[in-house]
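Numbering of ligands and ligand atoms starts at 1, following listing order.
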Amino acid sequence: VTDTPQPDLRQRHDGIWFRLIADTLPAYVAYIDEHLNYVVANRMYQRQFGLPAEAFHDQPVAKVLGTSFENVRHHLEAALRGEPQHFETRMHSVEGDRYLSVTHLPDYDPDGHIRGLIIHGTDITERRRMEDTLKLSENALIQSEKLAAVGKLAASISHEINNPLEAVTNLLYLARQDAALTAETRGYLDLADRELARVSQVASHTLRFHRQSTRALTIAPETLLAEVLTLYSARLLNFGVRVHENYARSCTLTCYESEIRQVLNNLVGNAIEAMRTGGDLYLRSQPATHWTTGRPGIRITVGDTGSGMSLETQDHIFEAFYTTKGINGTGLGLWISRRIAHKHRGLLRVRSAENRGTVFSLWLPLALEASADIPWHAEIT
Ligand SMILES: Nc1ncnc2c1ncn2[C@@H]1O[C@H](COP(=O)(O)OP(=O)(O)O)[C@@H](O)[C@H]1O
Ligand SMILES: [Mg+2]
């Protein structure tokens, strides 16, 4: 009786041992003969192509790899010339495309002739995805820096043009007072005045936000909204918009009043513009805690029964210069509004359904934080 296995038994034992190692390796392993036909492929390799082990015997590599063959052909040929290959490539697989790090090693017979190739590959798809994500956020960073530069430029331009703008507005006003004007000239002056109003709107949009706001006030949201409604009273009437107000009592907050008024002004203005053929405007305020931090605050909602927005539009509304109103829009209203909200450590969100309407909700903390001076171009999400 002996412990040593019989030769054929040992061979079988070695075969099983070899298969076990090959099949449990977290890598693609295969052997290819000098005519580029498979000899064996391990289990992971089989799984990559969704083929059973037998399907590889004597099969041309080109046939199994299909369209991915061209990615590796010259590596295979170089390895067969005796040059070991190491490279990264993309391979189609039954579970979608994978990125692989691949090694091709020539296998020599005892006479020193190449008789085949050992193929080894590891899956680096996750690493590549991570690198891609990194690249994306790097791009986003460059984008936000560009935006900051554009913002600074816009602010300095609007600062420069603001004074002459005011002067021209006043001059136009004086000119329109002239009783001797022909109807035609009066029409030109009216047009000039309207166009000028647009220019000053763009200028003040960027300028007002850039200016340091010093006056933090404790105020009720309905006071701010009442001022905004007064501004729009003519348009509300013209468009046939009914206003529904609902304010929780003794709800006040401390904020940079002119900035929050600007936000409400933008939201109400947009709501009215979405209801050119009439509708209902809903203004509400109520106490509400921040949904993650639990910080006490106020939620102000501006709702309309207007045109609503497609999901595609909703994706872009907070971007600078995004507008669906052509030359009648600046695309700055919501961009600035969100920044003002963030500056107050608040949130500005939207819910909208096409042809049904839109609700913007502005959440603001009851009290200002000491460090509310976030640079206006800061990218906060
Ligand atoms: N209440 C709303 N209903 C429908 N669309 C809206 C509403 N508010 C904003 N939008 C959409 O968001 C876009 C961007 O708004 P905004 O930043 O204020 O720029 P602007 O009003 O100058 O176009 C608008 O052009 C419009 O498409
Ligand atoms: Mg607007």
Side-chain angles (χ1 to χ4, degrees), residues 143-144 147 150-151 154-155 158 194-210 224-225 227-229 231-236 238-245 258-285 299-343 346-363 376-377 379-381:
Q143 276 312 108
S144 83
L147 206 59
V150 169
S158 62
R194 277 205 299 280
E195 292 299 310
L196 208 60
R198 266 177 52 70
V199 178
S200 67
Q201 204 202 345
V202 175
S204 67
H205 255 324
T206 47
L207 189 82
R208 255 196 277 168
F209 195 78
H210 192 59
L224 294 173
L225 281 165
E227 289 173 39
V228 172
L229 285 178
L231 257 173
Y232 285 111
S233 51
R235 298 191 101 188
L236 288 167
N238 284 345
F239 292 174
V241 172
R242 290 174 298 270
V243 182
H244 309 267
E245 292 169 277
S258 67
E259 293 184 355
I260 299 305
R261 193 193 298 110
Q262 192 185 344
V263 174
L264 298 174
N265 192 51
N266 287 333
L267 298 182
V268 171
N270 283 340
I272 296 173
E273 276 159 16
M275 296 189 289
R276 298 188 153 267
T277 53
D280 295 283
L281 175 67
Y282 294 92
L283 305 175
R284 291 178 58 127
S285 72
R299 179 162 48 239
I300 304 168
T301 55
V302 177
D304 67 65
T305 56
S307 59
M309 286 173 256
S310 67
L311 288 176
E312 157 77 25
T313 298
Q314 288 177 51
D315 275 348
H316 300 290
I317 55 174
F318 294 108
E319 291 167 13
F321 305 116
Y322 178 84
T323 180
T324 56
K325 297 169 189 168
I327 62 153
N328 294 315
T330 62
L332 291 173
L334 291 177
W335 180 63
I336 298 265
S337 296
R338 182 167 257 187
R339 275 172 169 67
I340 292 175
H342 286 164
K343 185 175 164 185
L347 300 166
L348 177 61
R349 294 175 160 184
V350 65
R351 273 192 4 247
S352 185
E354 250 174 311
N355 302 317
R356 301 273 302 278
T358 304
V359 180
F360 277 92
S361 72
L362 172 68
W363 181 88
W376 73 281
H377 51 77
E379 200 59 51
I380 321 156
T381 44

Q. Should G306 be listed as contacting ligand 1, given a heavy-atom distance under 4.0 Å as the test?
A. no
Q. Hey, does F318 sit under 4.0 Å from ligand 1 if you only count heavy atoms?
A. no
Q: Could you tell me the residue and atom name of the protein heavy atom closest to atom 21 (O) of ligand 1, and the distance to it rounded to 0.1 Å?
A: K325 NZ, 2.7 Å
Q) For ligand 1, which part of T358 has a heavy atom less than 4.0 Å away: the side chain, the backbone, both, or neither? A) side chain
Q. Counting from 1, what ligand 1 atoms have a heavy atom of A271 closer than 4.0 Å?
A. 1 (N)
Q. What residue and heavy atom of the protein are closest to atom 12 (O) of ligand 1, and at what distance?
A. I317 CG2, 3.1 Å
Q: Check ligand 1 against G308 and write out every atom of the ligand that is under 4.0 Å from a heavy-atom position of the residue.
A: 4 (C)
Q: Kindly indicate whether the side chain of L348, heavy atoms from C-beta on, has any atom under 4.5 Å from the side chain of I340.
A: no
(Q) Looking only at protein heavy atoms, which one is nearest to atom 7 (C) of ligand 1, and what is the separation? (A) M309 CE, 3.8 Å
Q: Would you mind listing which atoms of ligand 1 come within a distance below 4.0 Å of any non-hydrogen atom of G329?
A: 22 (O)
Q) Can you tell me how far NE2 of H244 sits from CG of L281, rounded to the nearest 0.5 angstrom? A) 8.0 Å
Q) Short list, please: which atoms of ligand 1 are under 4.0 Å from a heavy atom of T330? A) 22 (O)
Q | Sub-4.0 Å heavy-atom approach of N266 to ligand 1 | A | no
Q: Number the atoms of ligand 1 from 1 as they appear, then name those within less than 4.0 Å of a heavy atom of S307, with their elements.
A: 4 (C)
Q: Between T324, I336, L332, flag the one that comes closest to atom 24 (C) of ligand 1 by a heavy atom.
A: T324
Q) What are the atoms of ligand 1, with element, lying closer than 4.0 Å to any heavy atom of Y322? A) 14 (C)
Q: Taking only heavy atoms of N270 into account, list the atoms of ligand 1 that are under 4.0 Å away from them.
A: 1 (N), 7 (C), 8 (N), 9 (C), 15 (O), 16 (P), 18 (O), 21 (O)
Q.
Heavy atoms only: which of L334, D304, V302 lies closest to atom 15 (O) of ligand 1?
A. L334
Q) Hey, does G331 come in under 3.5 Å of ligand 1, counting only N/O atoms on both sides? A) yes
Q: May I ask you to check if any N/O/S atom from N266 comes under 2.8 Å of the Mg ion (ligand 2)?
A: no
Q) How long is the gap from CE on M309 to CG on D315, to the nearest 0.5 Å? A) 11.0 Å
Q: Looking only at protein heavy atoms, identify the closest one to atom 23 (O) of ligand 1 and say how far it is in Å.
A: T323 OG1, 2.5 Å
**Q.** From CG (L224) to CD (Q262), nearest 0.5 Å
**A.** 12.0 Å
**Q.** Reported CZ-to-CE distance for the pair R242 and M275, which is rounded to 0.5 angstrom
**A.** 9.5 Å
Q) When the ring planes of F318 and F360 are compared, do they come out parallel, tilted or perpendicular, using 30° and 60° as the limits? A) perpendicular
Q: Using a 4.5 Å cut-off on heavy atoms from C-beta on, say whether the side chain of L334 contacts that of L267.
A: yes
